[in-house]
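One structure is given here, and the rest of the page talks about it.
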Amino acid sequence: MFKAAFFVVLAATSILASPFNSTRRTCGTVTSPTFIADAEARFKAKKVDRPFSIQATTIPVRFHVISEDNTVAGGNVPDSQLSAQIDVMNKAYASAGITWTLAGTTRTVNADWFNNAGPDGSEQTSMKRALRVGGADTLNVYTVGFTSGSGAGLLGYSTFPSSYDGNPTDDGVVMLYSSVPGGTAAPYNLGQTLTHEAGHWVGLYHTFEGGCSGSGDEVSDTPPEASPAFGCPTGRDTCSGGGADPIHNFMDYTDDACMTGFTSGQVARMQDQIATFRGINV
């Protein structure tokens, strides 16, 4: 299964999750040109015509809080932060006509899953098989520590809509527990990690996909970008003739405070993607 991923520098511990310690977000992704070509071919072949609607579409979110003990420091994210995360998501996706609603929360103390869950690893597979609920139209979110194993240093990763049919149990987002609003993962603790990862879940690629050439992120109104942007740079323009880099876009890699929106092209793409692969019409 292909997943998109955020990577950060994060010290590991086998006892308690270390305080977040990163001054720069770096990116890793297992998507490839072959995966994207295949996904886009299936999208083109299966694309459905969306019915016109003026109503917002509600997507249920199921949080699965994984911790190594019952403390907040050990990953037991409080309900207040989960509620705040939903508020952040609803503000971010308002222009897309998508409303996210908290449909349920599970809490599991499992130090192995908390510390070692990562892309394609046995821990995340076991975790998802045990906890995932709902169909293609339900966003399952697993909060973990990413302290060791294949997930060491991650902020989060997600599956794409086009991958659902091939492995439904794998579908969803795995994210760093302390990146929720009010968490300790500054400057990534305003809730935009889930905004970004949910962007993949609804079918968006990174704004810098493909660099300055090719079809990029498959969206025409996001200027081409040679590489991820970090922090919140001023006047960055890495591809000549395409306009300033979209550093404020939720699908770049800037700090949470720098991320402010999606483009109309991204909105159209996510609506088409979830209608085609998730049966969700906006």
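Side chains are part of it too, since the values below use all heavy atoms of this structure and drop only hydrogens, waters and symmetry mates. Residue numbers run from 1 in the order of the sequence given.
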Step by step, would you call Gln266 with Thr207 a side-chain contact (heavy atoms from CB on, under 4.5 Å)?
-> CA-CA 10 Å; Gln266 286 175 312; Thr207 53; 4.2 Å; yes
Taking C-beta and beyond as the side chain, do [X] and [Y] meet within less than 4.5 Å on heavy atoms?
{"X": "His64", "Y": "Thr108", "result": "no"}
{"X": "Asp272", "Y": "Phe43", "result": "yes"}
{"X": "Thr276", "Y": "Ser162", "result": "no"}
{"X": "Lys46", "Y": "Asp165", "result": "yes"}
{"X": "Phe63", "Y": "Val180", "result": "no"}
{"X": "Asp217", "Y": "Met251", "result": "no"}
{"X": "Met175", "Y": "Gln85", "result": "yes"}

Would Arg278 and Asp171 pass as an ion pair if we require N to O under 4.0 Å?
-> yes
Between Lys91 and Asp87, does at least one N-O distance fall below 4.0 Å, as a salt bridge requires?
-> no
Assess the side chains of [X] and [Y]: does a donor N or O sit below 3.5 Å from an acceptor N or O?
{"X": "Thr147", "Y": "Asn115", "result": "yes"}
{"X": "Thr71", "Y": "Asn76", "result": "no"}
{"X": "Glu225", "Y": "Asn249", "result": "no"}

For the residue pair [X] and [Y], does the interplanar ring angle fall in the parallel (under 30°), tilted (30 to 60°) or perpendicular (over 60°) class?
{"X": "Tyr253", "Y": "His206", "value": "perpendicular"}
{"X": "Tyr93", "Y": "Trp100", "value": "perpendicular"}
{"X": "His200", "Y": "His196", "value": "perpendicular"}

Look at the side chain of [X] and the backbone N and O of [Y], then say whether any donor-acceptor pair between them is shorter than 3.5 Å.
{"X": "Ser67", "Y": "Asn70", "value": "no"}
{"X": "Asp252", "Y": "Ala229", "value": "yes"}
{"X": "Tyr177", "Y": "Val65", "value": "no"}
{"X": "Asp137", "Y": "Ile280", "value": "no"}
{"X": "Lys128", "Y": "Asp170", "value": "yes"}
{"X": "Arg107", "Y": "Val77", "value": "yes"}
{"X": "Asp221", "Y": "Gly265", "value": "yes"}
{"X": "Gln271", "Y": "Ala96", "value": "yes"}

Val202 and Pro161: which non-hydrogen atoms are nearest, and at how many Å?
-> C-CG, 3.6 Å
